[in-house]
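Keep in mind that what you see is a predicted model, and the values were worked out from it rather than measured.
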2 protein chains.
Amino acid sequence: MLAKSTEYAIRALVFVQLRNWEGKRPGVVEIAKEIEAPPAFSAKILQTLTRHRLLDSAKGRGGGFFFNNEQNELTLYQVIHVMEGDACFHRCGFGLKSCNNDNPCPLHEQYKEVRDKFFEIVQEETIQALSEKIRKGEAVLNRGIG
Amino acid sequence: MLAKSTEYAIRALVFVQLRNWEGKRPGVVEIAKEIEAPPAFSAKILQTLTRHRLLDSAKGRGGGFFFNNEQNELTLYQVIHVMEGDACFHRCGFGLKSCNNDNPCPLHEQYKEVRDKFFEIVQEETIQALSEKIRKGEAVLNRGIG
DNA sequence: TTATAAAAGGACCCCGTTGTCCTTTTATAA
DNA sequence: TTATAAAAGGACAACGGGGTCCTTTTATAA
Ligand code: FES
Ligand code: FES
């Protein structure tokens, strides 16, 4: 459903949030290890996120990644949007060049329902909400470390 | 959501069904044109489908593709299964190595719902049902041809 | 003020999916 | 029985997403 890099991005942001709540600013190496992603690739993804201002970073000794604007939450949709665009929310499930209510493919009704439902989810759900679930021990960020 | 080749496969099968109902057995060239896919690639996909006996074919002059066992309908799930496997129905939406009810990621509840819903759809829906919609003019196989 | 630690950035590579081309096999029409 | 039309199959090419490596910039601690 989502691109691998988008999944890495979401997990990375969740981990940054968790560490921020502990007063820490994790760096690329720590993040990569925790989200089980290649360090160099994680760096690229974090770059993309900071370039689009979804995340802040500090260079130099003692630097790392953190959220500056902690007032407004970050939706998964915002993350998906900058990482891979929103084509997947508008594609035709049957493979036609576009989805069109007025000239539907034979899968339109059924496909549209799940596609729109997923769209709703990512618009409602936020990095902070996911992080909170993990903080409370209701969900995990990874399996098999520690 | 689905691989491009899977979408081609589904559209190809629908077209074959439509032509079969007209008493015709379309060939690769005709199918490729109608589903708007590259002919050589369509040939590969049709090969895969016949090798797995989802479709029958006749070689030689006057040959083409057709359904032999018209008694039992062909579900979209069967097509997906031979074309790309069923990993997508079991993946974790958060990118963990596996989805696990007992040790869930923070997206599990919401993601599982849409994933399972899509799974239901492709298990219920059949090539014949989609074809029938098109035959009745309730849906289209393509846009921009004739 | 210098050594060090960290992010930013550019250039590049790898591999799976998508897609092409050519030859071989098989059946039918003439 | 031969020419032709069609699917089957093998080998390979192209493209994009995922991934690596190395250099440059920037900040801080000593
Ligand atoms: S037209 Fe195919 S999903 Fe809407
Ligand atoms: S554990 Fe992530 S979707 Fe089930």
Side-chain angles (χ1 to χ4, degrees), chain A residues 1-13 15-16 19 24-33 35-68 80 82-85 87-88 95 97, chain B residues 1-13 15-16 19-20 24-33 35-68 80 82-85 87-88 91 95 97:
Chain A
M1 201 120 200
L2 297 177
K4 216 164 176 181
S5 46
T6 306
E7 292 176 346
Y8 287 156
I10 293 172
R11 296 215 301 280
L13 289 166
F15 180 64
V16 170
R19 291 296 273 163
K24 300 284 169 58
R25 295 178 168 186
V28 168
V29 175
E30 183 184 0
I31 294 170
K33 188 176 295 176
I35 68 174
E36 302 180 273
F41 194 45
S42 303
K44 282 285 175 261
I45 288 164
L46 289 162
Q47 251 181 67
T48 303
L49 294 172
T50 55
R51 244 188 289 110
H52 287 85
R53 320 287 353 251
L54 299 192
L55 188 63
D56 279 281
S57 67
K59 274 188 174 185
R61 207 175 239 213
F65 295 91
F66 58 97
F67 291 98
N68 222 344
I80 294 168
V82 306
M83 291 304 299
E84 58 175 287
C88 79
K97 302 212 196 338
Chain B
M1 198 123 202
L2 297 176
K4 215 165 176 181
S5 46
T6 306
E7 292 176 347
Y8 287 156
I10 293 173
R11 296 215 301 280
L13 290 165
F15 179 65
V16 170
R19 290 297 274 163
N20 281 186
K24 299 285 168 58
R25 296 177 167 187
V28 168
V29 176
E30 183 185 359
I31 294 170
K33 188 175 297 175
I35 69 174
E36 301 179 277
F41 194 47
S42 303
K44 283 285 175 257
I45 289 165
L46 289 161
Q47 252 180 67
T48 303
L49 295 172
T50 56
R51 244 188 289 110
H52 287 85
R53 320 288 352 250
L54 300 191
L55 188 64
D56 279 283
S57 66
K59 274 187 173 184
R61 206 174 240 211
F65 295 90
F66 59 97
F67 291 98
N68 220 344
I80 294 167
V82 306
M83 292 302 299
E84 59 174 284
C88 78
R91 281 191 63 231
K97 300 210 195 342

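Rounded to whole angstrom, the span from the CD atom of B:Q47 across to the C1' atom of C:dT26 amounts to 14 Å. Between the CG atom of A:L49 and the P atom of C:dG9 there is a distance of 13 Å, rounded to whole Å. The CD atom of B:E7 sits 15 Å away from the P atom of C:dT17 (whole-angstrom rounding). Atom CD in B:E30 sits about 16 Å away from atom P in D:dA5, given to the nearest Å. Straight-line distance from the CD atom of A:E36 to the P atom of D:dG19: 13 Å, rounded to whole Å. Atom CZ of A:R53 and atom P of C:dA8 are 11 Å apart (whole Å). In this structure, B:F41 atom CZ and D:dC15 atom P are separated by 15 Å, rounded to whole Å. The CZ-C1' distance, from B:R25 to D:dA7, rounds to 13 Å in whole Å.
In this structure, D:dT23 forms a base pair with C:dA8, meeting either the Watson-Crick or the G-U wobble geometry with both donor-acceptor distances under 3.5 Å. Partner assigned to C:dT28 is D:dA3, using Watson-Crick or G-U wobble distances below 3.5 angstrom. With a cut-off of 3.5 Å on both pairing distances, the Watson-Crick or G-U wobble partner of D:dC15 is C:dG16.
Proximity of A:S5 to A:T48: side-chain heavy atoms (C-beta onward) are nowhere separated by under 4.5 Å.
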Derivation and outcome, salt bridge (charged side-chain N to carboxylate O under 4.0 Å, His left out), residues B:E36 and A:K97: CA-CA 10 Å; B:E36 301 179 277; A:K97 302 212 196 338; 3.5 Å; yes
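A residue-by-residue look at A:G60 and A:T6 shows that A:T6 has its nearest nucleotide of DNA chain D further toward the 5' end. Closest-nucleotide positions on DNA chain C for B:A40 and A:G63 were compared, and the one nearer the 5' end corresponds to A:G63. Nearest-nucleotide positions on DNA chain D for A:P38 and A:A58 put A:P38 closer to the 5' end.
Between A:K4 and A:E84 there is no salt bridge, since no side-chain N of the basic residue sits under 4.0 Å from a carboxylate O of the acidic one. Between B:E30 and B:K24 there is no salt bridge, since no side-chain N of the basic residue sits under 4.0 Å from a carboxylate O of the acidic one.
Judged by distance alone with a 3.5 Å cut-off, a donor-acceptor contact links the side chain of B:K44 to the base of D:dG10.
If you check D:dT20, C:dC21, D:dT25 against the side chain of A:K59, the one that comes closest is D:dT25. Of the candidate nucleotides C:dA7, C:dT18, C:dG9, C:dA7 has the atom lying nearest to any side-chain atom of A:F65. Here the side chain of B:R61 is nearest to one of D:dA7, C:dG19, C:dA30, namely C:dA30. Which of C:dA29, D:dA7, C:dG19 sits closest to the side chain of B:S57 comes down to D:dA7.
Of the inter-residue distances, the one linking A:I31 atom CD1 with A:R19 atom CZ reads 10.0 Å to the nearest 0.5 angstrom.
The side chain of B:Y8 places an N or O atom within less than 4.0 Å of a non-bridging phosphate oxygen (OP1 or OP2) of C:dG19. Contact between the side-chain N/O atoms of A:S5 and the OP1/OP2 oxygens of D:dG18 is found at a separation under 4.0 Å. At D:dA8, one or more side-chain N or O atoms of B:T50 fall inside 4.0 Å of OP1 or OP2 (strictly under the cut-off).
Remark: the backbone N or O of A:L2 is not paired with any side-chain donor or acceptor of A:T6 at under 3.5 angstrom.
Among the protein residues, B:V29 comes within range of no part of the nucleic acid, since none of its heavy atoms lies under 4.0 Å from any strand. Looking at heavy-atom distances under 4.0 Å, B:A43 makes no contact with the nucleic acid at all.
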